[in-house]
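To start, the structure itself, in C-alpha cells.
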Amino acid sequence: LGSTPIRLMGTLDNTDDELTLNFPLHLDGGTIRGGVVNVAQGGSLEVTSNDFNRLEGLTWNGDWALSADYSRLRIKDVELNGRATLSGFCSGLWFEGTQEFPSGEIVFSYESQSGQPWMAMWGYGEQGSGTLTLGSEVVVRGGFGVIGGSSCENYFATMSLVNEGLIESSVSGREISLDLTSYGQTGSFTNQGTVRALDGAGFGLNFVVTTAALEAMNLGSTPIRLMGTLDNTDDELTLNFPLHLDGGTIRGGVVNVAQG
C-alpha cells in the first residue's frame, strides 16, 4: 500500500513486532496492540472522535495529533517517545485503569475560551477509577487543559494522580486544572516531581489538598482557582498569592493575608 492513507476501525495486532508508520493512519474506533511503532517520513497518527480509539501495550516512537473536535484516544500501558498535541475542541486522552505513563510530552494547545482538552480515567465514577503515575520523563504543559476530569465528557472515572515528572502551566492568563473529583468521589494528588507556572499562568485545584501539601508544591505567587477543599485544620496558611474561590472551601486553622 506504500503511502496510502489507512482508516483503522478494527485491530492492528503488532504483538512482538515492529511497525514502520510511513503512511497517514487515521484511528476511527480501531486498536493498535503490542510491539513497537516507529513513525517515519510520511507517517502520522490522526485521531477521530470515536470513543473506542485505543493504543495498548506498545512503545510509540513519534507524535500523536488530537486536532479534530472531540478527538479521543484511550491508552493502556503505553510508552510515548514523542509529543501528544491536544489542539481540538474537547480533545482528550483516556487512561484505562491504574498504570504508569513513563515518558512523553503532552501539550494542551487549544486557544478558545471553551472546550478544554483533557486527560482522564476511562470509566464512570468509581467504575474504572485508578491511579495514573506520570513518570520522571513526562512533561505536561500548555494552557487551558484539565487533568483528571472534563467539562466536555460525562464518562470518566475518579483519578488519583502521582506526578514524578513536570506539570507546567505555561500560557499567560490560562490555567491547567487538576480536577480529581468525579461524581462525589475525590482522588488524591501526590507530587514527587515539579509543578510550576510561568509568569501570568495559573492552576485550578479540585480535590482535597492540605496546607502542607499545597506549600510543598512550591507554586510561589502563582494564581490558584480553588474548586475543591483546602484543609487548613490546625495549620497556618500564609496567603501570598491570588486565590480565587470558585466553589471551593477553606477549612480550619489561621489564614494570614500577606503581600501578593
Side-chain angles (χ1 to χ4, degrees), residues 1-97 99-112 115-120 122 132 134-135 137-147 150 152-153 155 165-166 170-171:
L1 293 175
S3 59
T4 302
I6 292 178
R7 181 166 65 101
L8 184 64
M9 299 165 285
T11 298
L12 174 55
D13 189 352
N14 191 48
T15 303
D16 298 327
D17 211 333
E18 191 163 344
L19 170 67
T20 299
L21 187 65
N22 56 2
F23 54 88
L25 179 61
H26 303 272
L27 271 187
D28 190 9
T31 295
I32 304 174
R33 178 179 296 131
V36 178
V37 177
N38 300 308
V39 180
Q41 184 174 357
S44 62
L45 177 70
E46 292 286 342
V47 180
T48 68
S49 60
N50 195 304
D51 287 351
F52 295 94
N53 299 323
R54 297 181 70 246
L55 301 179
E56 178 185 349
L58 56 79
T59 298
W60 189 282
N61 298 316
D63 297 335
W64 304 334
L66 281 76
S67 55
D69 290 351
Y70 297 100
S71 51
R72 305 280 194 264
L73 183 58
R74 289 163 55 181
I75 297 167
K76 178 64 175 175
D77 299 331
V78 170
E79 178 180 341
L80 172 64
N81 298 306
R83 174 184 294 174
T85 302
L86 283 67
S87 59
F89 180 89
C90 288
S91 54
L93 295 176
W94 260 320
F95 293 86
E96 296 183 357
Q99 60 183 288
E100 179 180 6
F101 189 65
S103 61
E105 182 180 12
I106 299 172
V107 179
F108 298 120
S109 67
Y110 188 63
E111 297 182 357
S112 185
Q116 293 168 290
W118 47 268
M119 300 162 54
W122 167 257
L132 174 64
L134 301 177
E137 297 182 29
V138 172
V139 175
V140 180
R141 64 163 48 103
F144 203 53
V146 181
I147 302 174
S150 171
C152 302
E153 178 60 61
Y155 198 71
L166 169 64
S170 57
V171 179

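Heavy-atom basis, side chains included; hydrogens, waters and symmetry copies ignored.
Just one of Ile6, Thr48, Leu55, Leu12 meets the side-chain contact (heavy atoms from CB on, under 4.5 Å) condition when paired with Leu27; it is Leu55. Exactly one of Trp94, Phe144, Phe108 qualifies for a ring-ring contact (aromatic ring centres under 6.0 Å, His included) with Trp118. That residue is Trp94.
Going from atom CG of Leu134 over to atom CD1 of Ile147 covers 6.5 Å, rounded to the nearest 0.5 Å. Separating the CG atom in Asn53 from the NE2 atom in His26 is a distance of 12.0 Å, to the nearest 0.5 Å. Note: Ser91 OG to Met119 CE = 12.0 Å, rounded to the nearest 0.5 Å. Leu93 contributes atom CG, which lies 8.5 Å from atom OG of Ser71 (distance to the nearest 0.5 angstrom). Note that CD of Glu79 and CD of Glu100 are 9.5 Å apart. Values are rounded to the nearest 0.5 Å. The distance from atom CH2 of Trp64 to atom CG of Leu73, rounded to the nearest 0.5 Å, is 5.5 Å.
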Discussion item. What verdict does the side chain to side chain contact (heavy atoms under 4.5 Å, CB included) test give for Val39 and Leu45, after you've listed the backbone C-alpha separation in whole Å, the side-chain angles of each residue and the deciding distance to 0.1 Å?
Written reply: CA-CA 9 Å; Val39 180; Leu45 177 70; over 6 Å; no

Discussion item. Please evaluate residues Ser67 and Glu46 with respect to the criterion side chain to side chain contact (heavy atoms under 4.5 Å, CB included), reporting the C-alpha separation (whole Å), side-chain torsions for both, the decisive distance (0.1 Å), and the verdict.
Written reply: CA-CA 8 Å; Ser67 55; Glu46 292 286 342; 3.4 Å; yes

Worksheet item: Is there a salt bridge (Lys or Arg N to Asp or Glu O under 4.0 Å) between Asp63 and Arg83 once you walk through the steps?
Response: CA-CA 5 Å; Asp63 297 335; Arg83 174 184 294 174; over 6 Å; no

Worksheet item: Checking side chain to side chain contact (heavy atoms under 4.5 Å, CB included) for the pair Asn14/Leu58: CA distance, chi angles, key distance, verdict?
Response: CA-CA 8 Å; Asn14 191 48; Leu58 56 79; 5.7 Å; no

Item to complete: Take Lys76 and Glu56 through the test salt bridge (Lys or Arg N to Asp or Glu O under 4.0 Å) and record every step on the way to the result.
Response: CA-CA 5 Å; Lys76 178 64 175 175; Glu56 178 185 349; over 6 Å; no

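The two residues Asn61 and Asn38 make their nearest non-hydrogen contact at ND2-OD1, 2.7 Å. Taking all atoms of both residues into account, the shortest heavy-atom contact from Thr20 to Phe23 is O-CE2, 4.3 Å. Shortest non-hydrogen contact noted between Asn22 and Ala40 is CB-CB, 4.2 Å. Between Arg72 and Val47 the shortest heavy-atom distance is O-CG1, 2.7 Å. Contact between Val171 and Gly143 at its shortest, heavy atoms only, is CG2-N, 3.5 Å. Across every non-hydrogen atom of Pro24 and Ser3, the tightest pair is CD-O, 3.5 Å.
Qualifying salt bridge (charged side-chain N to carboxylate O under 4.0 Å, His left out) partners for Arg74, counting only residues two or more places apart in sequence or in other chains: Glu96. Under the ring pair (Phe, Tyr, Trp, His ring centres under 6.0 Å) criterion, Phe95 pairs with Phe101, sequence neighbours left out. Glu137 pairs by the side chain to side chain contact (heavy atoms under 4.5 Å, CB included) definition with Ser103, not counting sequence neighbours.
The backbone N or O of Gly88 lies less than 3.5 Å from no partner atom in the side chain of Asp69, so there is not a single donor-acceptor pair. A donor-acceptor pair under 3.5 Å is absent between the side-chain atoms of Glu18 and the main chain of Val36, judged by distance alone.
The closest side-chain donor-acceptor pair between Thr11 and Asp13, if any, does not fall under 3.5 angstrom.
Side-chain contact between Ile75 and Trp122: absent, with no pair of heavy atoms (C-beta onward) separated by less than 4.5 Å.
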